Amino acid sequence: MGDVDVAHLNLSGTRNVTFFGGTLIANRDYLTFTSQTLFGVLVTGPFASRPTDTLGLAGTYLTLGSQEVDYLRAARAAAHGSGGVANHEEIFELNYGFNLYRGIRLNPNVQVVLNPDNILEPSAKHASRDILAFGVRLTINPGMLLGMPTWQ
């Protein structure tokens, strides 16, 4: 896992373009997921008038373990379903974050999931279609709300 600032949008260095990425690999094939690779870019202060906002684009590639794929295939066959089971899943996310108030941050996002797994519903008769999802995350930092010092 790692990240690197590749550009500064202002002289003080508070508005940055950061690339990040990493890989996690399991050494046991019976696990649900045997690898995850993620990558992305985060722009802090994409607009000079909003220096604490963030704009992010991220991608994740997940690989299912062979025993999980076999289990999902068997569960689908037992349900008299059809179609194959993909051994991987891709997730792409675009998000924007802005501060509503000191210690309160809102992050709306949109995600595209390709080859979604059926892990939560293994007896589904058919593979799930690709997904377009919209979401929002609200983060509340009680320490900041109370005026406690924060690490910048």
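In this chain, numbering begins with 1 at the start of the sequence shown. Since the structure is predicted, the reported quantities are computational estimates derived from the model, not experimental observations.
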Query raised in the report: Between the side chain of R102 and the main-chain N/O of M144, is any donor-acceptor distance below 3.5 Å?
Result: yes
Query raised in the report: Quick check: does any side chain N or O of N99 sit under 3.5 Å from a backbone N or O of G103, one acting as donor and the other as acceptor?
Result: no
**Report entry** Within-4.5 Å side-chain heavy-atom neighbours: V85 and N118
**Finding:** no
Report task. Would you indicate whether the side-chain heavy atoms of L42 and F19 approach each other to under 4.5 Å? Result -> no
Requested in this report: Find the distance between CD (E89) and OG1 (T60) and round it off to the nearest 0.5 Å.
Outcome: 9.5 Å
Query raised in the report: Does N16 have any side chain to side chain donor-acceptor pair (under 3.5 Å) partners at least two apart in sequence or in another chain, and if so, which?
Result: H8
Query raised in the report: Can you tell me how far the CD1 atom of I91 sits from the OH atom of Y61, to the nearest 0.5 Å?
Result: 12.0 Å
Query raised in the report: What distance separates E68 CD from D117 CG, expressed to the nearest 0.5 Å?
Result: 7.5 Å
Requested in this report: For the pair N141 (side chain) and G143 (backbone), establish whether a donor and an acceptor sit closer than 3.5 Å, ignoring hydrogens and angles.
Outcome: yes
Query raised in the report: Just wondering, are more than 12 heavy atoms of other shown residues or ligands nearer than 6.0 Å to CZ in F33?
Result: yes
Query raised in the report: Ignoring hydrogens and geometry, is there a side-chain-to-backbone donor-acceptor pair from D130 to P116 under 3.5 Å?
Result: no
Query raised in the report: How long is the span from the CD atom in E93 to the CG atom in L57, to the nearest 0.5 Å?
Result: 9.0 Å
Query raised in the report: How close do L64 and A86 get, heavy atom to heavy atom, and via which atoms?
Result: CD2-O, 4.3 Å
**Report entry** Minimum side-chain heavy-atom gap R105-L100 below 4.5 Å
**Finding:** no
Query raised in the report: Would you call V4 and F20 a side-chain contact if the rule is heavy atoms closer than 4.5 Å?
Result: no
Query raised in the report: Picking from D3, D5, T44, what satisfies side-chain hydrogen bond (donor to acceptor under 3.5 Å, both in side chains) with T18?
Result: D5
Query raised in the report: In terms of side-chain heavy atoms, does N107 have a donor or acceptor partner in Y96 at a distance below 3.5 Å?
Result: no
**Report entry** Pairwise side-chain contact, I25 with T34, heavy-atom cut-off 4.5 Å (strictly under)
**Finding:** no
Query raised in the report: If you group Ile, Leu, Val, Met, Phe, Trp and Tyr by side-chain heavy-atom gaps below 4.5 Å, do V17 and L94 land in one group?
Result: yes
Query - Any side-chain heavy-atom pair of L24 and S35 under 4.5 Å - result: no
Query raised in the report: Is L31 reachable from L62 through a run of I, L, V, M, F, W or Y residues, each pair having side-chain heavy atoms under 4.5 Å apart?
Result: no
Query raised in the report: After noting the C-alpha distance and the side-chain angles of N115 and E90, does the key distance pass the side chain to side chain contact (heavy atoms under 4.5 Å, CB included) rule?
Result: CA-CA 7 Å; N115 298 314; E90 300 93 18; 3.4 Å; yes
Query raised in the report: Roughly how far, to the nearest 0.5 Å, is the OG atom of S123 from the NE2 atom of H80?
Result: 11.5 Å
Query raised in the report: Is the side chain of Q111 donor-acceptor paired with the backbone N or O of A133 at a distance under 3.5 Å, no angle test?
Result: no
Report task. Sequence neighbours left out, what passes side-chain contact (heavy atoms from CB on, under 4.5 Å) with D70? Give chain and number order. Result -> R73
Report task. Indicate yes or no: at least one non-hydrogen side-chain atom of L145 is less than 4.5 angstrom from one of I140. Result -> yes
Report summary line: Residues F47 and R15: closest non-hydrogen pair is C-NH2, 3.7 Å
Report task. Would you name the heavy atoms of L138 and I104 that are closest together and state the gap between them? Result -> CD1-CG2, 3.8 Å
Query raised in the report: Same hydrophobic cluster for V6 and M1, using side-chain heavy-atom links shorter than 4.5 Å among ILVMFWY?
Result: no
Report summary line: On a heavy-atom basis, the closest approach of G45 and L9 is O-CD1, 3.7 Å
Requested in this report: To the nearest 0.5 angstrom, please state how far the CG atom of L106 sits from the CG atom of N95.
Outcome: 11.0 Å
Query - Common cluster, L55/L38, ILVMFWY with side-chain heavy-atom separation under 4.5 Å - result: no
Query raised in the report: Between S82 and R76, is any side-chain donor less than 3.5 angstrom from a side-chain acceptor?
Result: no
Query raised in the report: With sequence neighbours excluded, what pairs up with N87 under the side-chain contact (heavy atoms from CB on, under 4.5 Å) test?
Result: V69
**Report entry** Close side-chain approach of L114 to F92, heavy-atom, < 4.5 Å
**Finding:** yes
